> 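To start, I am sharing the structure in question, which I have written as structure tokens.
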Number of protein chains: 2
Amino acid sequence: MSTQPISRRARPAKAPLSRDAIVRTGLDVLDRDGLDALTMRRVAKELDTGPASLYVYVANRDDLMAAMLDEALGQVRLTWEGTWQEQLQALTTAAVEAMSRHEGLAAVALGTIPTGDNALLVLDRMLALLKQGGLDDTTAAWAVDLLWLHTAAAATEQSTYNTKGADEETTVTAADRRYAALPADRYPMITSLRQALFSPGDRDTWSLNVLINGILHTPAR
Amino acid sequence: MSTQPISRRARPAKAPLSRDAIVRTGLDVLDRDGLDALTMRRVAKELDTGPASLYVYVANRDDLMAAMLDEALGQVRLTWEGTWQEQLQALTTAAVEAMSRHEGLAAVALGTIPTGDNALLVLDRMLALLKQGGLDDTTAAWAVDLLWLHTAAAATEQSTYNTKGADEETTVTAADRRYAALPADRYPMITSLRQALFSPGDRDTWSLNVLINGILHTPAR
DNA sequence: GGTAGGCAACGAACGGCGTTCGTGTCAAAC
DNA sequence: GTTTGACACGAACGCCGTTCGTTGCCTACC
């Protein structure tokens, strides 16, 4: 039973494994084939190895996804143009976009105190802008909490529309039909305001304005 | 080879299967042993049957969880005391509590236009309160969107603290240490505002006030 | 009373999954 | 030349969600 050593030159230049390579491959798989396809086995196969090999660089699937999230947040570009409100708008919008571009990643950010390098960069910038707006320390701190929560939630919502098989329009019209068939005596407001509920308009921008205005009018404590 | 009919009296009073029984059992399992234990097999075993039997009443696991969410939202009590702002506060708080009491259920609400009977009841009440506050139809509609998103997000966050093994205190102090070790040149604001970031206080109530104040100061379009 | 039809119940299986364990392998350190 | 230690990985464990085909019971009709 000869153990013929297979020449490694047969498949040359195989890139060495590394945390970064794994994380980037994970994002590739996620973007190409969706959240269900993001399995340890699939990522390993993409790197031409077995799933066990990944665990040297990654604690588990959750750890991988957290790393992927921070990698995605690295795409957020910080700018210094416009009023602090405009900059805060732009920053938050960019963060939502960066997260929602990859299905399921935003959900990782929810209920986690951010600790990734890039997430903290975004947080730091948010704090700077809020201080620039004249808020006291405590209010700024609570505000960044709220803004981050909203960002993650908005991205999660966006994300499901972007991917989950059906597009936004299908989902919305399905809900519209459901609301139209509701008994008016049990759901009077939904019935009478149904048109407004599904009216078009830039709700994301409006939401952010609500948060900013609210923060300015609501001192902590 | 005798097919001896096993007397069903040996295990009597086996409750017949039903969607409701499955949903309630699901909540039981979830509350008792957490999200990881909430499997079709486990719920089936709890009902003394096999997993295949569940699929008569439930399309799949997601469908089950959606039903469980709405069942949980049935616990929200609607009240008619106090100003509309106070009522909105109470309603939202109750919804957050109802959802966050069951690990992972709040996440189901995120990125889903609510269609469950009980969810719609909460939405309808929210709309009524907002109209009572004098908002026009469009602003009220957008506001209920935002409030629902915030409610689901807050519940998701709460939920992970309530369960996920470690309690809130552990998680927070871990983050505090991480922030304390951050390089001040790269993260100047986080470093200098660290104390405020982890300061105690009722952030949930404050957040809701931010939303309400913001909504009042930000007409839609 | 007998029988046909329909449907809830379910046993078994399929094709996955995350993660662990033990064994190779190879390059650097001594 | 030998030792050492980290990386790589094949194989396996114990799960998972879901489907298929059969069974057995209950009902409605003759």
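Nothing here was measured: the structure is a model prediction, and the numbers come from that model. Computed over heavy atoms, backbone and side chain alike; hydrogens, waters and symmetry mates excluded. Per chain, numbering begins at 1; letters A, B, ... match sequence-line order.
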> Measuring to OP1 and OP2 of C:dA8, would you say a side-chain N or O of B:Tyr57 lies under 4.0 angstrom away?
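No, no such contact exists.
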> Take the protein atom CG of B:Leu64 and the nucleotide atom C1' of D:dC16, then report the distance between them rounded to whole Å.
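So the CG-C1' distance, B:Leu64 to D:dC16, works out to 15 Å.
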> Show me the side-chain donor-acceptor pairs of residues 68-75 of chain B shorter than 3.5 Å, one per line, residues at least two apart or across chains.
from, atom 1, to, atom 2, distance (Å)
B:Asp70, OD1, B:Asn118, N, 3.4
B:Asp70, OD1, B:Ala119, N, 3.1
B:Asp70, OD2, B:Asp117, N, 3.1
B:Asp70, OD2, B:Asn118, N, 2.9

> Among all residues two or more places apart in sequence or in another chain, which pass the ring-ring contact (aromatic ring centres under 6.0 Å, His included) test with A:Trp206?
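With neighbours one apart ignored, the set is B:Trp142.
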> Rounded to whole angstrom units, what separation is found between the NZ atom of B:Lys45 and the C1' atom of C:dG11?
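Taking atom C1' of C:dG11 as the reference, NZ of B:Lys45 is at 15 Å.
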> Looking at residues at least two apart in the chain, or sitting in another chain, which of them share a salt bridge (Lys or Arg N to Asp or Glu O under 4.0 Å) with A:Arg24?
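With sequence neighbours excluded, A:Arg24 shows a salt bridge (Lys or Arg N to Asp or Glu O under 4.0 Å) to A:Asp20, given in chain and number order.
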> Among all residues two or more places apart in sequence or in another chain, which pass the side-chain hydrogen bond (donor to acceptor under 3.5 Å, both in side chains) test with B:Arg61?
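With sequence neighbours excluded, B:Arg61 shows a side-chain hydrogen bond (donor to acceptor under 3.5 Å, both in side chains) to no residue whatsoever.
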> Taking side chain as C-beta onward, heavy atoms only, is A:Leu105 less than 4.5 Å from A:Leu27?
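A side-chain contact exists here, since the closest heavy-atom pair is under 4.5 Å.
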> Tell me whether the side-chain N/O atoms of B:Thr49 come closer than 4.0 Å to OP1 or OP2 in C:dA9.
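No, because none of the side-chain N or O atoms of B:Thr49 sits under 4.0 Å from OP1 or OP2 of C:dA9.
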> Going by side-chain hydrogen bond (donor to acceptor under 3.5 Å, both in side chains), name the residues that satisfy it together with B:Arg32, two or more places apart in sequence or in a different chain.
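Checked B:Arg32 against side-chain hydrogen bond (donor to acceptor under 3.5 Å, both in side chains); matches are B:Glu46.
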> Can you give one letter per nucleotide of nucleotides 12-22 of chain C, going 5' to 3': B for a protein heavy atom under 4.0 Å from the base, S for sugar-phosphate only, - for none?
-B---BBBBB-
